[in-house]
Protein chains: 2
Amino acid sequence: MATIKDIAKLCGVSEGTVDRAINDRAGINPETKKRIMEVVEQVNYKPDRIAQSLAKGKTRTLGLIFFDLNNDFIAALVDTIETIAKEKGYFISLVLTHGIKEEEIKGINYLLERKVDGIIVFPVGKQSDYQELKINIPVISIYNKISDEIPYVGVDAQSAMRDAIGYIADCQYERVILVNSSITKKVKSGLNVYTLQERQKGYIEGIEKNKINEGEGSLIVEGLDFRRMDALYRQGQGKKTAFLCICDVFALEVLTHFREQAIRVPEDVGIMGFDNMSIRKYVSPQLTTLGYHMTEMAQKIFAYLMDMIHGSDIPKDTSFPCQIIEGNSL
Amino acid sequence: MATIKDIAKLCGVSEGTVDRAINDRAGINPETKKRIMEVVEQVNYKPDRIAQSLAKGKTRTLGLIFFDLNNDFIAALVDTIETIAKEKGYFISLVLTHGIKEEEIKGINYLLERKVDGIIVFPVGKQSDYQELKINIPVISIYNKISDEIPYVGVDAQSAMRDAIGYIADCQYERVILVNSSITKKVKSGLNVYTLQERQKGYIEGIEKNKINEGEGSLIVEGLDFRRMDALYRQGQGKKTAFLCICDVFALEVLTHFREQAIRVPEDVGIMGFDNMSIRKYVSPQLTTLGYHMTEMAQKIFAYLMDMIHGSDIPKDTSFPCQIIEGNSL
DNA sequence: TTGTAAGCGTTATCAT
DNA sequence: ATGATAACGCTTACAA
């Protein structure tokens with residue numbers, strides 16, 4: 001690979017002059033510039049971004065930290081961010097944690113050593129974990145809030161869930177069972193359960209407000225505990241029951257579970273998800289779910305990160321509203 | 001951030017000695033080393049990977065170039081590769097092309113400027129495009145072959161499709177319609193259609209070998225042209241017909257299409273996909289498809305790339321066998 | 001307008 | 001065992 005030095009030698013000028021030509025800097029004779037640029041073309045010069053990064057202290061690389069790519073709304077988010085970033089000349093370094101806190105810490109340290117200009121993280125760690133990391137670059141946390149200092153962008157999960165219960169109630173359901181992730185276990189392991197908790201809070205508010213589960217209170221299943229789901233379902237004694245699931249993947253699992261037992265959806269039991277995964281349109285009955293504008297959100301996240309990188313302040317807390325996406329599962 | 005220079009000053013030794021301590025190099029007094037390492041701890045020293053990269057000429061970063069993350073088998077591939085790579089101390093730079101050749105070229109150039117140690121690409125470009133790029137680092141192409149020189153890892157799509165037709169024939173189908181991507185259009189645009197073509201070749205072999213489509217020959221739909229699908233379906237005049245789709249996403253679209261018209265699957269029409277997307281288990285009837293060991297393939301791809309990076313030769317052509325994954329859509 | 005040289009934070013070679 | 005210094009390829013401030 002040809003370097004600036006090579007070109008300088010080839011043209012009989014100094015490295016500084018070549019730099020002026022290449023980077024359109026002022027103070028260079030158009031003639032000289034033209035001559036240099038011809039050589040640049042000839043030798044197919046490509047800048048060494050590593051050297052540039054070292055010299056400038058900026059890498060034009062963004063770090064992305066996610067659980068995994070199995071949820072297609074995460075994949076969509078990564079996709080959108082990558083596309084915008086590339087447009088703006090930024091690169092994406094991807095780190096997957098699989099929900100393991102140690103992996104997240106390791107990943108962040110890696111990104112810090114790699115001198116990325118900013119980080120977007122769907123965190124599994126909490127404030128205390130992040131304090132120890134001493135992060136000195138812009139960070140935006142999404143879905144899970146870390147602290148009041150680290151900007152957060154997410155969805156208004158709480159009111160979404162509350163509204164969902166209202167919608168379910170309107171469909172004449174008398175009971176709504178929440179299928180959450182194994183939140184208790186996660187809390188015990190010191191993991192960040194912000195969005196799970198928000199969703200659960202919304203559920204609890206919803207059942208109170210809509211007089212759902214009368215005499216039973218909140219009915220929560222943690223994890224895909226089908227046995228408990230069956231028990232809770234039967235306990236309803238013919239009352240119209242729905243399962244509100246923390247995410248579409250869970251909803252699809254529950255749907256499949258009941259289908260295998262010849263319990264019909266929505267005739268015998270209602271199901272609702274959260275995320276608006278693209279695949280929900282392929283299942284029958286089509287899943288009713290909660291969605292939001294993923295592309296818009298991704299754009300906002302990227303724009304915010306750019307603002308931070310350029311030294312501007314951004315709101316500490318941004319939430320996108322959710323909409324009920326009607327299907328036939330209720 | 002503390003640098004080696006800082007530590008050297010703090011310890012009253014030279015930078016070379018600090019380097020010896022930090023990187024476990026020989027020729028250092030254990031006492032000195034201990035003293036230095038304590039300071040390293042204290043100041044929370046983290047190596048600057050950018051500076052390391054510049055000095056060593058290696059970035060320990062791998063470039064991944066894919067169409068997008070919408071297909072969950074691609075997402076799974078990225079996921080697996082990222083996980084293995086991180087274990088080995090390699091980083092992932094992700095580039096998405098959305099099937100646009102110019103984006104791919106730009107992306108590769110970016111990665112080259114970023115001095116990644118190797119590239120894994122699901123190419124949309126062809127040999128001629130790659131020749132111009134003058135790539136001087138290890139590259140592995142997956143799914144689509146670029147040339148005889150650039151190592152390729154893929155699946156044995158041709159025999160898989162042939163076998164699929166055999167399987168469909170065993171299910172008493174008399175007609176099989178291939179739903180391919182818009183391959184003609186892509187060929188015209190100069191895009192790489194290797195795997196699409198392989199799959200189509202397998203289809204053609206299959207129908208000949210199994211006496212399918214007698215009197216009709218190969219019946220191929222390009223793209224999700226539902227009108228043409230309907231026409232071809234009706235043309236069958238009650239003969240048992242199946243749609244063999246180039247990928248699961250297409251299969252699910254076709255499935256949905258027929259369901260909407262109250263044409264039953266598999267009673268009235270059979271459907272088969274390719275990819276073994278994880279979501280196929282959620283749809284009813286469960287999709288019959290062709291699958292392969294994605295994790296194994298990802299591991300092989302990574303291992304090969306490491307071999308190349310370390311100067312070893314690897315096979316130019318590696319294909320993984322596919323298996324028929326039975327569902328209820330045939 | 002052009003050249004020079006220090007600096008970015010490492011690594012690596014050659015003295016001492 | 002330790003130190004000094006060039007080198008990696010670029011940017012940038014300053015000098016000519």
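The model shown is predicted, which means the values in this text are computed figures rather than measured ones. Lettering of chains follows the sequences in order, A, B, ..., and the numbering in each one begins at 1.
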> Is there a donor-acceptor pair under 3.5 Å between the side chain of A:N71 and the backbone N or O of A:F73?
no
> Rounded off to whole Å, could you give me the CD-to-C1' distance for the A:E15 and C:dT4 pair?
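Rounded to whole Å, this separation is 10 Å.
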> Taking the minimum atom-to-atom distance to the side chain of B:R20, which one of C:dT10, D:dT2, C:dG3 wins?
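Of the candidates, D:dT2 comes closest.
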> Starting the side chain at C-beta, find the nucleotide from D:dC10, D:dT12, C:dG3 nearest to A:V13.
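Nearest listed nucleotide: C:dG3.
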> Counting side-chain heavy atoms from C-beta on, which of C:dT2, C:dT11, D:dG9 comes nearest to A:T32?
C:dT2
> Which listed nucleotide (C:dT10, D:dG3, C:dC8) is nearest to the side chain of B:D48?
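Side chain of B:D48 sits closest to C:dT10.
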> Give the rounded distance in Å between these two atoms: CD of A:Q52 and P of C:dG9.
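Going from A:Q52 (CD) to C:dG9 (P), I get 17 Å.
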> Write down the distance between NZ (B:K34) and P (D:dA1), rounded to a whole number of angstrom.
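In whole Å, D:dA1 P lies 17 Å from B:K34 NZ.
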> Checking all strands, does A:D19 fall into the base, sugar-phosphate, or nothing category for heavy-atom contacts under 4.0 angstrom?
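It contacts base atoms.
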> Pick the nucleotide of DNA chain D nearest each of B:G16 and A:R49; which residue has the one closer to the 5' end?
B:G16
> Have a look at B:R25 and say if it touches a base, only the backbone sugar-phosphate, or nothing, with a 4.0 Å heavy-atom cut-off.
sugar-phosphate
> Figure out the CD1/C1' separation between B:I4 and C:dC8, and round it to whole Å.
13 Å
> Ignoring the backbone of A:S14, work out which of C:dT11, D:dG3, C:dG3 is nearest its side chain.
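Of all the options, the side chain of A:S14 is nearest to C:dG3.
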> For the pair made of OH in A:Y45 and C1' in D:dG9, what is the distance, rounded to whole Å?
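In whole Å, D:dG9 C1' lies 8 Å from A:Y45 OH.
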> From the list D:dT11, C:dG9, C:dT11, which nucleotide is the closest neighbour of the side chain of A:N23?
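The nucleotide sitting nearest to the side chain is D:dT11.
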> Among D:dT11, C:dG9, D:dC8, which is the nearest nucleotide to the side chain of A:K5?
D:dC8
> Check for me whether the distance between the ring centres of A:Y152 and A:Y143 falls short of 6.0 Å.
no
> Does CG in B:D148 sit with more than 12 non-hydrogen atoms of other residues, nucleotides or ligands closer than 6.0 Å?
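No - once you tally the heavy atoms of other residues, nucleotides and ligands closer than 6.0 Å, there are 12 at most.
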> Measuring from the side chain of A:T17 (C-beta onward, heavy atoms only), which nucleotide among D:dC8, C:dT10, C:dG3 has the closest atom?
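Out of D:dC8, C:dT10, C:dG3, the nucleotide with an atom closest to A:T17's side chain is C:dG3.
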> Just the rounded figure in Å: distance from C1' of D:dT12 to NZ of A:K58.
15 Å
> Look at the side chain of A:K56 and decide which nucleotide, out of D:dC10, D:dT12, C:dG9, has an atom nearest to it.
D:dT12
> Do the side chains of A:R114 and B:D48 get close enough for a salt bridge, i.e. N-O under 4.0 angstrom?
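No salt bridge links A:R114 with B:D48.
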> What nucleic acid atoms does B:K46 come within less than 4.0 Å of, heavy atoms only: base, sugar-phosphate, or nothing?
sugar-phosphate
> Which residue pairs pass the ring pair (Phe, Tyr, Trp, His ring centres under 6.0 Å) test when at least one of the two sits in residues 29-72 of chain B, sequence neighbours left out?
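Output for this query lists B:F67-B:F122.
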> What is the separation between atom CG on B:D24 and atom C1' on D:dA1, rounded to the nearest whole Å?
16 Å
> Between D:dA1, C:dG9, C:dT2, which nucleotide has the shortest distance from any of its atoms to the side chain of A:L54?
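Selected nucleotide (nearest to the side chain): C:dG9.
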> Rounded to whole angstrom units, what separation is found between the CD1 atom of B:I50 and the P atom of C:dT11?
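Going from B:I50 (CD1) to C:dT11 (P), I get 13 Å.
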> Between the main-chain N or O of B:H98 and the side-chain N or O of B:D68, is there a donor-acceptor pair closer than 3.5 Å?
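Pair absent, no side-chain N/O of B:D68 close to backbone of B:H98.
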